[in-house]
Number of protein chains: 2
Amino acid sequence: MPADRAPTRIQKKNRAAILEAALDVFSSHGFRGSTVDQIAKAAGLSKPNLLYYFPSKEAIFNELMAGLLDTWLDPLRALDPEGEPLEEILAYVQRKLQMSRDFPRESRLYANEIVQGAPRLHDVIASDLNVLVEEKAQLLQGWMDAGRINRAHPKHLLFSIWSLTQHYADFDAQVRTLMRDEDPFDAAPQYLETLYRRMLTPKT
Amino acid sequence: MPADRAPTRIQKKNRAAILEAALDVFSSHGFRGSTVDQIAKAAGLSKPNLLYYFPSKEAIFNELMAGLLDTWLDPLRALDPEGEPLEEILAYVQRKLQMSRDFPRESRLYANEIVQGAPRLHDVIASDLNVLVEEKAQLLQGWMDAGRINRAHPKHLLFSIWSLTQHYADFDAQVRTLMRDEDPFDAAPQYLETLYRRMLTPKT
DNA sequence: CGTGAGTTTGACCAGTTGGTCAAATCAAAG
DNA sequence: CTTTGATTTGACCAACTGGTCAAACTCACG
(Lines give C-alpha, C1' and ligand atoms only; values in the text may rest on other atoms or scores of the structure.)
Protein backbone atom coordinates (compact mmCIF):
# COMPACT_ATOMS: atom_id res chain seq x y z
CA MET A 1 0.00 0.00 0.00
CA PRO A 2 1.18 3.56 -0.62
CA ALA A 3 3.13 5.01 2.28
CA ASP A 4 1.68 7.73 4.44
CA ARG A 5 3.36 10.48 2.45
CA ALA A 6 2.35 12.90 -0.25
CA PRO A 7 0.82 10.88 -3.08
CA THR A 8 3.02 10.32 -6.10
CA ARG A 9 1.98 11.21 -9.61
CA ILE A 10 1.10 7.57 -10.30
CA GLN A 11 -0.91 7.24 -7.10
CA LYS A 12 -2.97 10.28 -7.98
CA LYS A 13 -3.69 9.05 -11.46
CA ASN A 14 -4.56 5.51 -10.45
CA ARG A 15 -6.70 6.37 -7.45
CA ALA A 16 -8.66 8.77 -9.61
CA ALA A 17 -9.05 6.17 -12.34
CA ILE A 18 -10.26 3.63 -9.80
CA LEU A 19 -12.86 5.97 -8.32
CA GLU A 20 -14.08 6.94 -11.76
CA ALA A 21 -14.36 3.29 -12.78
CA ALA A 22 -16.02 2.38 -9.48
CA LEU A 23 -18.64 5.08 -9.96
CA ASP A 24 -19.47 3.60 -13.31
CA VAL A 25 -19.68 0.05 -12.09
CA PHE A 26 -21.33 0.62 -8.70
CA SER A 27 -23.95 2.94 -10.11
CA SER A 28 -25.05 0.44 -12.70
CA HIS A 29 -24.92 -2.76 -10.67
CA GLY A 30 -25.11 -1.71 -7.03
CA PHE A 31 -22.53 -2.62 -4.40
CA ARG A 32 -23.22 -6.30 -4.21
CA GLY A 33 -23.69 -6.62 -7.94
CA SER A 34 -20.28 -5.19 -8.72
CA THR A 35 -17.04 -7.13 -8.66
CA VAL A 36 -13.56 -5.88 -7.90
CA ASP A 37 -12.45 -7.38 -11.18
CA GLN A 38 -14.99 -5.31 -13.13
CA ILE A 39 -13.79 -2.14 -11.48
CA ALA A 40 -10.16 -3.04 -11.99
CA LYS A 41 -10.68 -3.78 -15.66
CA ALA A 42 -12.66 -0.57 -16.14
CA ALA A 43 -9.80 1.33 -14.52
CA GLY A 44 -7.22 -0.42 -16.67
CA LEU A 45 -5.57 -2.23 -13.76
CA SER A 46 -5.21 -5.78 -12.57
CA LYS A 47 -7.19 -6.80 -9.52
CA PRO A 48 -4.19 -7.10 -7.18
CA ASN A 49 -2.97 -3.77 -8.44
CA LEU A 50 -6.27 -2.14 -7.60
CA LEU A 51 -6.12 -3.66 -4.15
CA TYR A 52 -2.72 -2.08 -3.77
CA TYR A 53 -4.43 1.31 -3.80
CA PHE A 54 -7.56 0.47 -1.82
CA PRO A 55 -7.66 -2.09 0.97
CA SER A 56 -11.04 -3.49 -0.04
CA LYS A 57 -14.06 -3.17 -2.25
CA GLU A 58 -15.95 -1.55 0.59
CA ALA A 59 -13.22 1.05 1.08
CA ILE A 60 -13.60 2.15 -2.53
CA PHE A 61 -17.33 2.40 -2.08
CA ASN A 62 -17.06 4.42 1.11
CA GLU A 63 -14.61 6.91 -0.35
CA LEU A 64 -16.88 7.33 -3.35
CA MET A 65 -19.90 7.95 -1.13
CA ALA A 66 -18.13 10.40 1.12
CA GLY A 67 -17.02 12.45 -1.87
CA LEU A 68 -20.48 12.31 -3.36
CA LEU A 69 -22.54 13.47 -0.42
CA ASP A 70 -20.95 16.87 -0.11
CA THR A 71 -21.56 17.77 -3.72
CA TRP A 72 -25.01 16.34 -3.46
CA LEU A 73 -26.16 18.68 -0.73
CA ASP A 74 -24.57 21.82 -2.09
CA PRO A 75 -27.59 22.96 -4.12
CA LEU A 76 -29.81 22.79 -1.06
CA ARG A 77 -27.26 24.65 1.06
CA ALA A 78 -27.34 27.38 -1.53
CA LEU A 79 -31.01 28.10 -0.88
CA ASP A 80 -30.70 31.71 0.22
CA PRO A 81 -32.90 33.13 3.01
CA GLU A 82 -32.24 36.61 1.64
CA GLY A 83 -33.40 35.87 -1.88
CA GLU A 84 -36.81 36.21 -3.46
CA PRO A 85 -38.59 33.03 -2.23
CA LEU A 86 -40.14 31.75 -5.43
CA GLU A 87 -37.05 32.47 -7.48
CA GLU A 88 -34.83 30.78 -4.89
CA ILE A 89 -36.92 27.64 -5.02
CA LEU A 90 -37.13 27.62 -8.80
CA ALA A 91 -33.37 28.09 -9.00
CA TYR A 92 -32.88 25.21 -6.59
CA VAL A 93 -35.08 22.99 -8.75
CA GLN A 94 -33.07 23.88 -11.84
CA ARG A 95 -29.73 23.28 -10.10
CA LYS A 96 -30.95 19.90 -8.96
CA LEU A 97 -32.21 19.05 -12.43
CA GLN A 98 -28.90 20.11 -13.89
CA MET A 99 -27.15 17.71 -11.55
CA SER A 100 -29.36 14.87 -12.74
CA ARG A 101 -28.36 15.69 -16.27
CA ASP A 102 -24.66 16.15 -15.58
CA PHE A 103 -24.11 13.52 -12.90
CA PRO A 104 -26.65 10.76 -13.45
CA ARG A 105 -24.30 8.06 -12.20
CA GLU A 106 -23.90 9.79 -8.87
CA SER A 107 -27.66 10.06 -8.59
CA ARG A 108 -28.17 6.40 -9.37
CA LEU A 109 -25.47 5.37 -6.94
CA TYR A 110 -27.28 7.26 -4.23
CA ALA A 111 -30.65 5.89 -5.31
CA ASN A 112 -29.34 2.35 -5.26
CA GLU A 113 -28.29 2.81 -1.68
CA ILE A 114 -31.51 4.36 -0.46
CA VAL A 115 -33.80 1.93 -2.23
CA GLN A 116 -32.01 -0.89 -0.51
CA GLY A 117 -32.65 0.66 2.88
CA ALA A 118 -29.63 2.94 3.11
CA PRO A 119 -27.66 0.50 5.28
CA ARG A 120 -24.42 2.38 4.71
CA LEU A 121 -25.94 5.87 4.74
CA HIS A 122 -28.36 5.90 7.63
CA ASP A 123 -26.02 7.77 9.96
CA VAL A 124 -25.23 10.59 7.54
CA ILE A 125 -28.90 11.02 6.71
CA ALA A 126 -29.94 11.08 10.35
CA SER A 127 -27.28 13.66 11.23
CA ASP A 128 -25.97 15.95 8.47
CA LEU A 129 -28.86 15.78 6.05
CA ASN A 130 -31.41 15.95 8.82
CA VAL A 131 -29.95 19.16 10.21
CA LEU A 132 -29.90 20.73 6.78
CA VAL A 133 -33.46 19.68 6.05
CA GLU A 134 -34.77 21.01 9.34
CA GLU A 135 -33.09 24.33 8.68
CA LYS A 136 -34.42 24.69 5.17
CA ALA A 137 -37.87 23.47 6.11
CA GLN A 138 -37.96 26.28 8.67
CA LEU A 139 -36.94 28.73 6.00
CA LEU A 140 -39.71 27.56 3.68
CA GLN A 141 -42.23 27.67 6.51
CA GLY A 142 -41.20 31.25 7.21
CA TRP A 143 -41.76 32.23 3.61
CA MET A 144 -45.19 30.64 3.71
CA ASP A 145 -46.14 32.31 6.96
CA ALA A 146 -45.14 35.63 5.44
CA GLY A 147 -47.42 34.92 2.49
CA ARG A 148 -44.56 35.08 0.04
CA ILE A 149 -45.30 31.63 -1.35
CA ASN A 150 -48.35 29.41 -1.09
CA ARG A 151 -48.65 27.04 1.83
CA ALA A 152 -47.53 23.42 1.50
CA HIS A 153 -45.90 20.94 3.84
CA PRO A 154 -42.27 22.14 3.71
CA LYS A 155 -40.63 18.73 4.01
CA HIS A 156 -42.90 17.21 1.43
CA LEU A 157 -42.04 20.15 -0.76
CA LEU A 158 -38.37 19.29 -0.47
CA PHE A 159 -39.05 15.61 -1.08
CA SER A 160 -41.00 16.47 -4.19
CA ILE A 161 -38.12 18.49 -5.57
CA TRP A 162 -35.67 15.67 -5.00
CA SER A 163 -38.07 13.15 -6.39
CA LEU A 164 -38.96 15.05 -9.55
CA THR A 165 -35.44 16.06 -10.44
CA GLN A 166 -33.61 12.84 -9.60
CA HIS A 167 -36.25 10.84 -11.43
CA TYR A 168 -34.69 11.91 -14.71
CA ALA A 169 -31.38 10.38 -13.69
CA ASP A 170 -32.57 7.38 -11.68
CA PHE A 171 -35.29 6.26 -14.09
CA ASP A 172 -33.39 7.38 -17.15
CA ALA A 173 -33.75 3.97 -18.78
CA GLN A 174 -37.53 4.13 -18.52
CA VAL A 175 -37.92 7.80 -19.35
CA ARG A 176 -35.77 7.59 -22.47
CA THR A 177 -37.50 4.46 -23.70
CA LEU A 178 -40.88 6.18 -23.39
CA MET A 179 -39.73 9.44 -24.96
CA ARG A 180 -38.22 7.71 -28.01
CA ASP A 181 -36.21 10.35 -29.87
CA GLU A 182 -37.07 13.43 -27.77
CA ASP A 183 -34.48 14.27 -25.11
CA PRO A 184 -36.21 14.33 -21.71
CA PHE A 185 -34.02 17.20 -20.59
CA ASP A 186 -35.38 19.43 -23.35
CA ALA A 187 -38.81 19.85 -21.81
CA ALA A 188 -38.08 18.97 -18.18
CA PRO A 189 -36.79 22.40 -17.05
CA GLN A 190 -39.86 24.12 -18.47
CA TYR A 191 -42.21 21.51 -17.03
CA LEU A 192 -40.79 21.75 -13.53
CA GLU A 193 -40.65 25.53 -13.59
CA THR A 194 -44.31 25.67 -14.56
CA LEU A 195 -45.24 23.11 -11.94
CA TYR A 196 -43.64 24.91 -9.04
CA ARG A 197 -44.60 28.34 -10.24
CA ARG A 198 -48.26 27.43 -10.44
CA MET A 199 -48.10 25.65 -7.15
CA LEU A 200 -46.26 28.26 -5.15
CA THR A 201 -47.09 31.63 -6.66
CA PRO A 202 -49.18 33.30 -3.96
CA LYS A 203 -52.76 34.07 -4.82
CA THR A 204 -52.90 37.83 -5.14
CA MET B 1 -40.09 -30.63 -10.41
CA PRO B 2 -43.87 -30.83 -9.98
CA ALA B 3 -45.62 -32.68 -12.77
CA ASP B 4 -47.67 -30.86 -15.33
CA ARG B 5 -50.92 -31.42 -13.47
CA ALA B 6 -53.11 -29.43 -11.15
CA PRO B 7 -50.93 -28.16 -8.30
CA THR B 8 -51.22 -30.02 -5.04
CA ARG B 9 -52.01 -28.31 -1.76
CA ILE B 10 -48.32 -28.39 -0.82
CA GLN B 11 -47.22 -26.99 -4.16
CA LYS B 12 -49.61 -24.09 -3.84
CA LYS B 13 -48.44 -23.27 -0.34
CA ASN B 14 -44.74 -23.54 -1.09
CA ARG B 15 -44.74 -21.67 -4.37
CA ALA B 16 -46.63 -18.86 -2.70
CA ALA B 17 -44.22 -18.83 0.24
CA ILE B 18 -41.26 -18.72 -2.13
CA LEU B 19 -42.64 -15.81 -4.13
CA GLU B 20 -43.46 -13.91 -0.96
CA ALA B 21 -39.98 -14.52 0.41
CA ALA B 22 -38.39 -13.64 -2.91
CA LEU B 23 -40.24 -10.34 -3.02
CA ASP B 24 -38.84 -9.50 0.37
CA VAL B 25 -35.29 -10.46 -0.47
CA PHE B 26 -35.10 -9.19 -4.05
CA SER B 27 -36.67 -5.85 -3.16
CA SER B 28 -34.16 -5.15 -0.44
CA HIS B 29 -30.99 -6.45 -2.09
CA GLY B 30 -31.65 -6.45 -5.82
CA PHE B 31 -31.34 -9.49 -8.05
CA ARG B 32 -27.61 -9.90 -7.92
CA GLY B 33 -27.44 -9.07 -4.24
CA SER B 34 -29.86 -11.80 -3.30
CA THR B 35 -28.94 -15.44 -2.83
CA VAL B 36 -31.08 -18.49 -3.34
CA ASP B 37 -30.20 -19.53 0.19
CA GLN B 38 -31.58 -16.28 1.61
CA ILE B 39 -34.85 -16.76 -0.23
CA ALA B 40 -35.08 -20.40 0.77
CA LYS B 41 -34.48 -19.63 4.41
CA ALA B 42 -37.01 -16.79 4.34
CA ALA B 43 -39.52 -19.19 2.84
CA GLY B 44 -38.75 -21.85 5.41
CA LEU B 45 -37.29 -24.30 2.91
CA SER B 46 -33.92 -25.79 2.13
CA LYS B 47 -32.15 -24.59 -0.97
CA PRO B 48 -32.58 -27.83 -2.94
CA ASN B 49 -36.20 -27.89 -1.92
CA LEU B 50 -36.72 -24.41 -3.26
CA LEU B 51 -35.08 -25.43 -6.50
CA TYR B 52 -37.56 -28.26 -6.69
CA TYR B 53 -40.30 -25.69 -7.19
CA PHE B 54 -38.46 -23.21 -9.39
CA PRO B 55 -35.78 -24.21 -11.87
CA SER B 56 -33.53 -21.26 -11.09
CA LYS B 57 -33.11 -17.99 -9.26
CA GLU B 58 -33.90 -16.13 -12.45
CA ALA B 59 -37.15 -18.07 -12.90
CA ILE B 60 -38.35 -16.91 -9.50
CA PHE B 61 -37.46 -13.36 -10.38
CA ASN B 62 -39.22 -13.48 -13.71
CA GLU B 63 -42.42 -14.91 -12.31
CA LEU B 64 -42.39 -12.23 -9.64
CA MET B 65 -41.91 -9.50 -12.22
CA ALA B 66 -44.58 -10.80 -14.55
CA GLY B 67 -47.08 -10.86 -11.73
CA LEU B 68 -46.04 -7.40 -10.61
CA LEU B 69 -46.25 -5.53 -13.88
CA ASP B 70 -49.93 -6.11 -14.48
CA THR B 71 -50.93 -4.80 -11.08
CA TRP B 72 -48.53 -1.97 -11.51
CA LEU B 73 -50.15 -0.55 -14.60
CA ASP B 74 -53.75 -1.02 -13.50
CA PRO B 75 -54.14 2.44 -11.93
CA LEU B 76 -53.04 4.12 -15.15
CA ARG B 77 -55.34 1.93 -17.24
CA ALA B 78 -58.19 3.11 -15.03
CA LEU B 79 -57.72 6.73 -16.11
CA ASP B 80 -61.14 7.29 -17.64
CA PRO B 81 -61.59 9.43 -20.78
CA GLU B 82 -65.23 9.94 -19.83
CA GLY B 83 -64.50 11.28 -16.36
CA GLU B 84 -63.97 14.83 -15.16
CA PRO B 85 -60.31 15.47 -16.13
CA LEU B 86 -58.95 17.02 -12.95
CA GLU B 87 -60.73 14.53 -10.71
CA GLU B 88 -59.53 11.63 -12.84
CA ILE B 89 -55.94 12.75 -12.51
CA LEU B 90 -56.21 13.41 -8.80
CA ALA B 91 -57.78 9.99 -8.30
CA TYR B 92 -54.95 8.41 -10.26
CA VAL B 93 -52.41 10.16 -8.07
CA GLN B 94 -54.12 8.89 -4.94
CA ARG B 95 -54.38 5.34 -6.26
CA LYS B 96 -50.70 5.40 -7.06
CA LEU B 97 -49.85 6.80 -3.66
CA GLN B 98 -51.95 4.11 -2.04
CA MET B 99 -49.95 1.49 -3.89
CA SER B 100 -46.72 2.97 -2.57
CA ARG B 101 -48.13 2.68 0.92
CA ASP B 102 -49.57 -0.80 0.53
CA PHE B 103 -46.97 -2.40 -1.72
CA PRO B 104 -43.65 -0.68 -1.07
CA ARG B 105 -41.64 -3.82 -1.73
CA GLU B 106 -43.12 -4.15 -5.19
CA SER B 107 -42.26 -0.54 -5.89
CA ARG B 108 -38.69 -0.98 -4.71
CA LEU B 109 -38.27 -4.15 -6.72
CA TYR B 110 -39.30 -2.23 -9.81
CA ALA B 111 -37.12 0.72 -8.89
CA ASN B 112 -34.11 -1.52 -8.37
CA GLU B 113 -34.54 -2.86 -11.87
CA ILE B 114 -34.95 0.50 -13.57
CA VAL B 115 -32.13 2.22 -11.73
CA GLN B 116 -29.80 -0.49 -12.92
CA GLY B 117 -30.79 0.14 -16.52
CA ALA B 118 -33.83 -2.15 -16.75
CA PRO B 119 -31.87 -4.98 -18.40
CA ARG B 120 -34.68 -7.46 -17.76
CA LEU B 121 -37.55 -5.04 -18.36
CA HIS B 122 -36.58 -3.11 -21.45
CA ASP B 123 -38.84 -5.09 -23.75
CA VAL B 124 -41.98 -4.74 -21.64
CA ILE B 125 -41.37 -1.04 -21.23
CA ALA B 126 -40.79 -0.50 -24.92
CA SER B 127 -43.93 -2.40 -25.88
CA ASP B 128 -46.75 -2.67 -23.33
CA LEU B 129 -45.97 0.36 -21.18
CA ASN B 130 -45.12 2.48 -24.18
CA VAL B 131 -48.48 1.80 -25.82
CA LEU B 132 -50.31 2.63 -22.63
CA VAL B 133 -48.34 5.82 -22.12
CA GLU B 134 -48.91 7.01 -25.66
CA GLU B 135 -52.62 6.42 -25.27
CA LYS B 136 -52.91 8.24 -21.97
CA ALA B 137 -50.66 11.07 -23.07
CA GLN B 138 -53.05 11.61 -25.97
CA LEU B 139 -55.95 11.68 -23.56
CA LEU B 140 -54.24 14.26 -21.37
CA GLN B 141 -53.34 16.34 -24.40
CA GLY B 142 -56.96 16.27 -25.48
CA TRP B 143 -58.09 17.53 -22.10
CA MET B 144 -55.56 20.34 -22.31
CA ASP B 145 -56.55 21.29 -25.83
CA ALA B 146 -60.16 21.46 -24.65
CA GLY B 147 -59.09 23.81 -21.87
CA ARG B 148 -60.33 21.46 -19.19
CA ILE B 149 -56.94 21.37 -17.45
CA ASN B 150 -53.92 23.61 -17.71
CA ARG B 151 -51.30 22.86 -20.32
CA ALA B 152 -48.21 20.83 -19.43
CA HIS B 153 -46.11 18.29 -21.26
CA PRO B 154 -48.32 15.20 -20.94
CA LYS B 155 -45.54 12.63 -20.66
CA HIS B 156 -43.66 14.71 -18.13
CA LEU B 157 -46.93 14.98 -16.25
CA LEU B 158 -47.15 11.21 -16.08
CA PHE B 159 -43.50 10.91 -15.09
CA SER B 160 -44.04 13.40 -12.31
CA ILE B 161 -46.95 11.40 -10.92
CA TRP B 162 -44.93 8.20 -10.90
CA SER B 163 -41.95 9.96 -9.43
CA LEU B 164 -43.80 11.73 -6.64
CA THR B 165 -45.87 8.77 -5.55
CA GLN B 166 -43.27 6.04 -5.81
CA HIS B 167 -40.77 8.22 -4.00
CA TYR B 168 -42.54 7.46 -0.75
CA ALA B 169 -41.96 3.74 -1.25
CA ASP B 170 -38.58 3.78 -2.96
CA PHE B 171 -36.93 6.36 -0.71
CA ASP B 172 -38.84 5.25 2.36
CA ALA B 173 -35.65 4.84 4.37
CA GLN B 174 -34.67 8.46 3.74
CA VAL B 175 -38.13 9.96 4.06
CA ARG B 176 -38.84 8.26 7.37
CA THR B 177 -35.48 9.19 8.81
CA LEU B 178 -36.09 12.84 7.97
CA MET B 179 -39.68 12.85 9.22
CA ARG B 180 -38.78 11.34 12.59
CA ASP B 181 -42.05 10.39 14.28
CA GLU B 182 -44.52 11.79 11.74
CA ASP B 183 -45.82 9.22 9.25
CA PRO B 184 -45.06 10.47 5.72
CA PHE B 185 -48.33 9.05 4.47
CA ASP B 186 -50.31 11.31 6.77
CA ALA B 187 -49.56 14.50 4.87
CA ALA B 188 -48.60 13.09 1.47
CA PRO B 189 -52.14 12.68 0.05
CA GLN B 190 -53.00 16.26 0.93
CA TYR B 191 -49.71 17.58 -0.38
CA LEU B 192 -50.01 15.85 -3.74
CA GLU B 193 -53.65 16.79 -4.15
CA THR B 194 -52.80 20.43 -3.53
CA LEU B 195 -49.86 20.27 -5.88
CA TYR B 196 -51.75 18.87 -8.84
CA ARG B 197 -54.87 20.91 -8.17
CA ARG B 198 -52.93 24.17 -8.20
CA MET B 199 -50.97 23.08 -11.21
CA LEU B 200 -53.82 21.83 -13.35
CA THR B 201 -56.93 23.76 -12.37
CA PRO B 202 -57.64 25.86 -15.45
CA LYS B 203 -57.41 29.60 -15.05
CA THR B 204 -61.00 30.81 -15.25
C1' DC C 1 -51.12 -51.78 5.06
C1' DG C 2 -48.81 -50.99 0.68
C1' DT C 3 -47.44 -48.49 -3.14
C1' DG C 4 -46.29 -45.01 -6.20
C1' DA C 5 -46.09 -40.25 -6.87
C1' DG C 6 -44.90 -36.13 -4.63
C1' DT C 7 -41.58 -33.92 -1.44
C1' DT C 8 -37.33 -33.11 1.17
C1' DT C 9 -32.51 -33.21 2.08
C1' DG C 10 -27.28 -34.02 2.75
C1' DA C 11 -23.51 -34.27 0.02
C1' DC C 12 -21.47 -32.59 -3.67
C1' DC C 13 -19.64 -29.78 -7.78
C1' DA C 14 -17.92 -26.13 -10.65
C1' DG C 15 -17.55 -21.33 -11.25
C1' DT C 16 -17.04 -16.87 -9.07
C1' DT C 17 -15.36 -13.64 -5.83
C1' DG C 18 -12.77 -10.83 -2.37
C1' DG C 19 -8.47 -10.79 -0.94
C1' DT C 20 -3.23 -12.34 -0.10
C1' DC C 21 1.63 -12.87 -1.16
C1' DA C 22 6.12 -13.36 -2.86
C1' DA C 23 8.45 -12.35 -6.70
C1' DA C 24 9.21 -9.39 -10.54
C1' DT C 25 9.40 -4.86 -12.67
C1' DC C 26 9.76 0.11 -12.75
C1' DA C 27 11.10 4.90 -11.53
C1' DA C 28 13.84 8.28 -9.74
C1' DA C 29 17.34 10.14 -6.71
C1' DG C 30 22.14 9.92 -5.81
C1' DC D 1 24.64 2.86 -13.22
C1' DT D 2 22.91 1.54 -8.82
C1' DT D 3 20.10 1.35 -5.24
C1' DT D 4 15.87 1.77 -2.93
C1' DG D 5 11.22 2.32 -2.57
C1' DA D 6 7.04 2.34 -5.44
C1' DT D 7 4.34 -0.37 -8.53
C1' DT D 8 2.64 -4.48 -10.87
C1' DT D 9 1.45 -9.22 -11.46
C1' DG D 10 0.74 -14.46 -11.65
C1' DA D 11 -0.42 -17.87 -8.69
C1' DC D 12 -3.05 -18.98 -5.12
C1' DC D 13 -6.73 -19.51 -1.31
C1' DA D 14 -10.93 -19.81 1.29
C1' DA D 15 -15.62 -18.56 1.26
C1' DC D 16 -19.67 -18.25 -1.27
C1' DT D 17 -23.01 -19.25 -4.81
C1' DG D 18 -26.15 -21.41 -8.19
C1' DG D 19 -27.37 -25.66 -9.20
C1' DT D 20 -27.40 -31.17 -9.31
C1' DC D 21 -28.43 -35.77 -7.69
C1' DA D 22 -29.40 -39.93 -5.53
C1' DA D 23 -31.32 -41.38 -1.56
C1' DA D 24 -34.67 -40.84 1.95
C1' DC D 25 -39.01 -39.55 3.55
C1' DT D 26 -44.15 -38.37 3.39
C1' DC D 27 -48.64 -38.53 1.85
C1' DA D 28 -52.92 -39.82 -0.39
C1' DC D 29 -55.38 -43.41 -1.97
C1' DG D 30 -56.77 -48.12 -3.17
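Just the heavy atoms: all of them, side chains too, but no hydrogens, waters or symmetry mates, feed the values below. Chain letters run A, B, ... following the sequence lines, proteins first, then strands; residues in each count from 1.
A straight line from NZ of A:Lys12 to C1' of C:dA27 spans 18 Å, rounded to a whole angstrom. For the pair A:Lys41 NZ and C:dT16 P, the computed distance is 11 Å after rounding to whole Å. Atom CG in A:Leu45 sits about 16 Å away from atom C1' in D:dG10, given to the nearest Å. As rounded to whole Å, 13 Å separates atom P of C:dT8 from atom CZ of B:Phe54.
Phosphate contact (OP1/OP2 of C:dG10, side-chain N/O of B:Asn49, threshold under 4.0 Å): absent. Close to C:dT8, at under 4.0 Å from its OP1 or OP2, lies no side-chain N or O of B:Ser46. Distances shown here put every side-chain N or O of A:Gln11 at or beyond 4.0 Å from the OP1 or OP2 atom of D:dA6. At D:dT7, one or more side-chain N or O atoms of A:Tyr52 fall inside 4.0 Å of OP1 or OP2 (strictly under the cut-off). Put simply, B:Tyr53 has a side-chain N or O that comes within less than 4.0 Å of OP1 or OP2 on C:dT8.
To the nearest 0.5 angstrom, B:His153 atom NE2 is 10.5 Å from B:Leu158 atom CG.
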Side-chain donor-acceptor distances from residues 96-107 of chain A under 3.5 Å, at least two apart:
residue, atom, partner, partner atom, Å
A:Gln98, OE1, A:Arg101, NE, 3.4
A:Ser100, OG, A:Thr165, O, 2.8
A:Arg105, NH1, A:Glu20, OE2, 2.9
A:Arg105, NH1, A:Asp24, OD1, 2.5
A:Arg105, NH2, A:Glu20, OE2, 3.4
A:Ser107, OG, A:Asp170, OD1, 2.7

Taking distance alone, no hydrogens or angles, what donor-acceptor pairs closer than 3.5 Å link side-chain atoms of residues 125-132 of chain A to residues at least two apart or in another chain?
residue, atom, partner, partner atom, Å
A:Ser127, OG, A:Asp123, O, 2.8
A:Ser127, OG, A:Val124, O, 3.4

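Comparing the end axes of the helix from C:dC1-D:dG30 to C:dG30-D:dC1, each fitted to five base pairs by superposing C1' atoms of four pairs onto the next four, gives an inter-axis angle of 0° (nearest 10 degrees).
Qualifying ring pair (Phe, Tyr, Trp, His ring centres under 6.0 Å) partners for A:Phe171, counting only residues two or more places apart in sequence or in other chains: A:His167. Shown here are the ring pair (Phe, Tyr, Trp, His ring centres under 6.0 Å) partners of B:Trp143, two or more places apart in sequence or in another chain: there are none. Checked against side-chain contact (heavy atoms from CB on, under 4.5 Å), A:Pro119 has the following partners two or more places apart in sequence or in another chain: A:Glu113. B:His29 meets the ring pair (Phe, Tyr, Trp, His ring centres under 6.0 Å) test with no other residue; sequence neighbours excluded.
For the side-chain hydrogen bond (donor to acceptor under 3.5 Å, both in side chains) condition, no pair includes a residue of residues 31-48 of chain B, sequence neighbours left out.
Considering only heavy atoms from C-beta on, A:Leu195 comes within 4.5 Å of A:Tyr191 through its side chain.
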For nucleotides 13-30 of chain D, just jot down a letter per nucleotide in 5' to 3' order: B, S or -, based on protein non-hydrogen atoms under 4.0 Å. ----SBBBB------S--
